[in-house]
Amino acid sequence: MARINGEIIIAAPAEQVFDIVADERNEPRYNARIARAEKTSPGPVGRGARFTAQPRGLGAAGVMTVEIVDYDRPRRLATSIRSSYLDVDGTLTFSKADGGTRMRWSWDMRLRGAMRALSPVVRVIGPRWEHRNWAGLKQLMESGREAQAR
């Protein structure tokens with residue numbers, strides 16, 4: 001298992017940052033590694049909402065199921081991600097910071113099957129990947145394009 005932690009400050013209100021992140025359908029707008037995402041459960045985005053997301057280059061075998069397991073707007077969001085090759089459980093927290101929102105992440109990532117052999121690699125490159133994902137969110141939010149993502 002690899003634990004990946006980090007934080008970033010985004011010059012936007014916590015409510016806006018939380019809402020963009022909580023709706024998985026927005027992830028392709030800020031994470032270049034996600035080709036598409038769709039909501040698969042009825043009702044609003046909140047605890048119990050489910051999505052599917054497809055990483056680029058992995059085809060149907062890479063499809064991930066994302067479920068919101070805790071939803072405390074705008075402070076805390078916990079998700080459970082499952083795929084044929086990876087399990088991720090983690091939490092995002094959102095708090096006020098000078099000029100915006102401090103978003104912190106903490107993920108427990110477990111590779112499955114033959115992919116487990118790559119676990120040491122994930123421990124090294126995982127933090128960089130996550131920071132790049134959230135830097136993309138920061139760029140989206142601070143550019144004003146987030147209104148198009150809703």
Side-chain angles (χ1 to χ4, degrees), residues 1-97 100-113 115 118 122 125-150:
M1 180 176 73
R3 171 149 299 154
I4 297 174
N5 298 303
E7 70 176 50
I8 195 165
I9 295 178
I10 300 172
E15 293 81 6
Q16 288 179 2
V17 178
F18 182 97
D19 289 346
I20 293 295
V21 173
D23 191 337
E24 179 67 21
R25 295 171 291 189
N26 291 316
E27 189 166 358
R29 295 187 54 83
Y30 59 83
N31 182 351
R33 292 181 313 152
I34 300 297
R36 67 176 181 79
E38 51 191 56
K39 190 167 181 292
T40 58
S41 62
V45 172
R47 185 182 173 128
R50 290 179 306 282
F51 304 85
T52 58
Q54 184 171 6
R56 294 191 190 283
L58 294 178
V63 172
M64 301 179 296
T65 300
V66 180
E67 181 175 356
I68 297 175
V69 295
D70 190 19
Y71 184 92
D72 180 15
R73 182 181 188 267
R75 292 175 286 284
R76 188 173 187 276
L77 180 70
T79 59
S80 176
I81 302 168
R82 299 291 179 261
S83 74
S84 62
Y85 64 95
L86 176 73
D87 292 335
V88 180
D89 293 295
T91 302
L92 295 158
T93 59
F94 307 81
S95 59
K96 291 186 181 186
T101 300
R102 173 175 283 110
M103 187 180 84
R104 290 186 169 128
W105 58 88
S106 180
W107 305 115
D108 289 331
M109 303 177 88
R110 289 172 297 286
L111 293 174
R112 300 173 71 190
M115 296 293 283
L118 297 175
V122 170
I125 64 174
R128 281 182 276 169
W129 280 353
E130 277 304 299
H131 191 270
R132 190 174 352 166
N133 294 348
W134 302 121
L137 174 67
K138 176 181 176 69
Q139 183 179 22
L140 175 72
M141 299 295 299
E142 292 177 359
S143 72
R145 293 180 293 136
E146 86 286 349
Q148 298 169 4
R150 292 184 202 164

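Scope of the values below: all heavy atoms of this structure, side chains included, with no hydrogens, waters or symmetry mates. Numbering of residues begins at 1 and proceeds along the displayed sequence.
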field: Closest approach of Ile4 to Glu130 (non-hydrogen atoms, all atoms of both residues)
entry: CG2-CG, 3.8 Å

field: Selection residues 62-81 - residue pairs positive for ring-ring contact (aromatic ring centres under 6.0 Å, His included), sequence neighbours left out
entry: Phe18-Tyr71

field: Partner set under side chain to side chain contact (heavy atoms under 4.5 Å, CB included) for Ala32, not counting sequence neighbours
entry: none

Heavy-atom closest contact (Pro28 atom, Ala37 atom, distance): CG-N, 3.9 Å

message: Rounded at 0.5 Å granularity, tell me how far CD1 in Ile81 sits from OG1 in Thr52.
response: 12.5 Å

- prompt: Which residues pass the side chain to side chain contact (heavy atoms under 4.5 Å, CB included) test with Ala49, sequence neighbours left out?
  reply: Lys39, Ser41, Phe51, Ile68

All side chain to side chain donor-acceptor pair (under 3.5 Å) counterparts of Trp105, not counting sequence neighbours: none

message: Are Ile8 and His131 packed together at the side-chain level, in the sense that at least one heavy-atom pair is separated by less than 4.5 angstrom?
response: yes

field: Residues forming a ring pair (Phe, Tyr, Trp, His ring centres under 6.0 Å) with Tyr30, sequence neighbours excluded
entry: Trp134

field: Gap between atom CE of Met141 and atom CD1 of Ile20 - 0.5 Å precision
entry: 5.5 Å

Which atom of Ala12 lies closest to which atom of Thr101, heavy atoms considered: O-OG1, 2.6 Å

message: Less than 4.5 Å apart, side chain to side chain, heavy atoms only: is that true for Ile34 and Met64?
response: yes

task: Check the pair Gln16 / Ile10 against side-chain contact (heavy atoms from CB on, under 4.5 Å), numbers first and verdict last.
output: CA-CA 10 Å; Gln16 288 179 2; Ile10 300 172; over 6 Å; no

field: Partners passing side chain to side chain contact (heavy atoms under 4.5 Å, CB included) against Arg33 (at least two apart in sequence or in another chain)
entry: Asn31, Trp129, Asn133

message: Could you tell me if the side chain of Leu137 sits less than 4.5 Å from the side chain of Val17, heavy atoms only?
response: yes

Between CZ on residue Arg29 and CG on residue Asp23, distance to nearest 0.5 Å: 11.5 Å

- request: Working to the nearest 0.5 Å, report the span between CZ of Arg56 and CZ of Arg36.
  value: 11.5 Å

- prompt: When you measure from the side chain of Asp70 to the backbone N and O of Ala78, does any donor-acceptor pair fall under 3.5 Å?
  reply: no

- prompt: Sequence neighbours excluded, which residues qualify as salt bridge (Lys or Arg N to Asp or Glu O under 4.0 Å) partners of Glu15?
  reply: none

task: Would you indicate whether the side-chain heavy atoms of Arg73 and Asp19 approach each other to under 4.5 Å?
output: yes

- prompt: Does any non-hydrogen side-chain atom of Val21 lie less than 4.5 Å from one of Met103?
  reply: yes

query: For Arg75, what residues pass the side chain to side chain donor-acceptor pair (under 3.5 Å) criterion, not counting sequence neighbours?
result: Asp72

- line: Thr65 meets the side chain to side chain contact (heavy atoms under 4.5 Å, CB included) criterion, sequence neighbours left out, with none

Can you list, pair by pair, the side-chain donor-acceptor contacts under 3.5 Å of residues 87-95, counting residues two or more places apart and other chains?
from  : atom 1 : to     : atom 2 : distance (Å)
Asp89 : OD1    : Ser80  : OG     : 3.1
Asp89 : OD1    : Arg82  : NH2    : 3.2
Asp89 : OD2    : Arg82  : NH2    : 3.1
Asp89 : OD2    : Arg110 : NH2    : 2.6

query: Partners of Arg50 by salt bridge (Lys or Arg N to Asp or Glu O under 4.0 Å), sequence neighbours excluded?
result: none

